[in-house]
Amino acid sequence: MIVLSLKGGRVTCRRATKREICEAVYILVSTIPVGRVTSYGNIARALGINPRLVAWCLQNNRDLIVIPCHRVVYSNGELGGYRELGARFKRSLLELEGVLFDFKGRVVRDFFVDIKI
DNA sequence: CATCGAACCAACC
DNA sequence: GGTTGGTTCGATG
């Protein structure tokens with residue numbers, strides 16, 4: 001992720017700090033509607049960063065309430081992780097919101113949304 | 001469709 | 001510099 005700024009009439013660019021990246025990830029994740037999910041890669045592409053980095057930001061997420069990181073799953077519909085609480089709890093949250101799973105335990109395609117900036 | 005392996009890239013040590 | 005991670009993608013049966 002790149003940050004552009006204007007200094008004395010010149011455009012400069014630098015790599016975003018980890019704090020900036022996390023903030024961007026959190027903002028995007030909090031726009032996922034209730035009862036919907038998106039993938040790590042989807043967020044990563046929107047920001048121009050690596051999917052593993054998205055996961056890393058979410059793992060550091062202290063505000064499980066305000067940032068619905070349980071709505072971010074693998075692109076193939078499998079759950080991915082959820083810190084100590086585990087994927088089982090993550091699935092419970094999603095089911096509570098009305099998300100449906102197939103017989104293999106993967107999120108049904110229809111519940112994926114595209115994140116756009 | 002399922003499984004497998006490599007590629008991905010920044011953080012962290 | 002090597003290891004790790006809440007991934008992804010393509011190749012293969």
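Note that this is a predicted model, so its numbers are computed, not measured. Below, read A as the first sequence line, B as the second, and so on, with proteins coming before strands; counting in each chain starts at 1.
- When both pairing distances are held under 3.5 Å, dA6(B) makes a Watson-Crick or G-U pair with dT8(C).
- Comparing dA11(B), dA2(B), dT7(C) by their closest approach to the side chain of K104(A) singles out dA2(B).
- Within the nucleic acid shown, L58(A) comes within 4.0 Å of at least one base atom, counting heavy atoms only.
- Here the P atom of nucleotide dC8(B) and the CG atom of L47(A) are 20 Å apart, to the nearest Å.
- Closest contact between the side chain of R15(A) and the listed nucleotides dC12(B), dT7(C), dA10(B) involves dA10(B).
- Rounded to whole angstrom, the span from the CZ atom of R106(A) across to the C1' atom of dT3(B) amounts to 12 Å.
- The number of heavy-atom neighbours closer than 6.0 Å to CZ of R109(A), taken from other residues, nucleotides and ligands shown, is above 12.
- Between Y40(A) atom OH and dT7(C) atom C1' the separation is 8 Å, expressed in whole Å.
- L6(A) places a side-chain heavy atom less than 4.5 Å from the side chain of V11(A).
- Among the heavy atoms of the strands lying under 4.0 Å from V72(A) is at least one base atom, whether or not backbone atoms are also near.
- Residue R83(A) contributes atom CZ, which lies 14 Å from atom P of dG5(C) at whole-angstrom precision.
- For dC12(B), the OP1/OP2 oxygens have a side-chain nitrogen or oxygen of K18(A) closer than 4.0 Å.
- The separation between D102(A) atom CG and dC1(B) atom P is 10 Å, rounded to whole Å.
- For dG5(C), the OP1/OP2 oxygens have no side-chain nitrogen or oxygen of R52(A) closer than 4.0 Å.
- If you check dC9(B), dA10(B), dT7(C) against the side chain of L53(A), the one that comes closest is dA10(B).
- The nearest whole Å value for the distance from the CD1 atom in I43(A) to the C1' atom in dC8(B) is 17 Å.
- In terms of phosphate contacts, S39(A) brings no side-chain nitrogen or oxygen within less than 4.0 Å of OP1 or OP2 of dT7(C).
- Taking CZ of R71(A) as the start and OG1 of T31(A) as the end, the distance is 10.0 Å to the nearest 0.5 Å.
- Using a 4.0 Å heavy-atom criterion, one finds that Y74(A) contacts the sugar-phosphate atoms exclusively.
- Counting to the nearest Å, the C1' atom of dG5(C) and the CG atom of N60(A) are 11 Å from each other.
- Taking 4.0 angstrom as the limit, S75(A) places none of its side-chain polar atoms (N or O) nearer than this to OP1 or OP2 of dT7(C).
- For the pair W56(A) CH2 and dA10(B) P, the computed distance is 12 Å after rounding to whole Å.
- Taking CG of L28(A) as the reference point, atom CD1 of I117(A) lies at 5.5 Å (rounded to 0.5 Å).
- The side-chain heavy atoms of Y40(A) and L58(A), taken from C-beta on, include a pair separated by under 4.5 Å.
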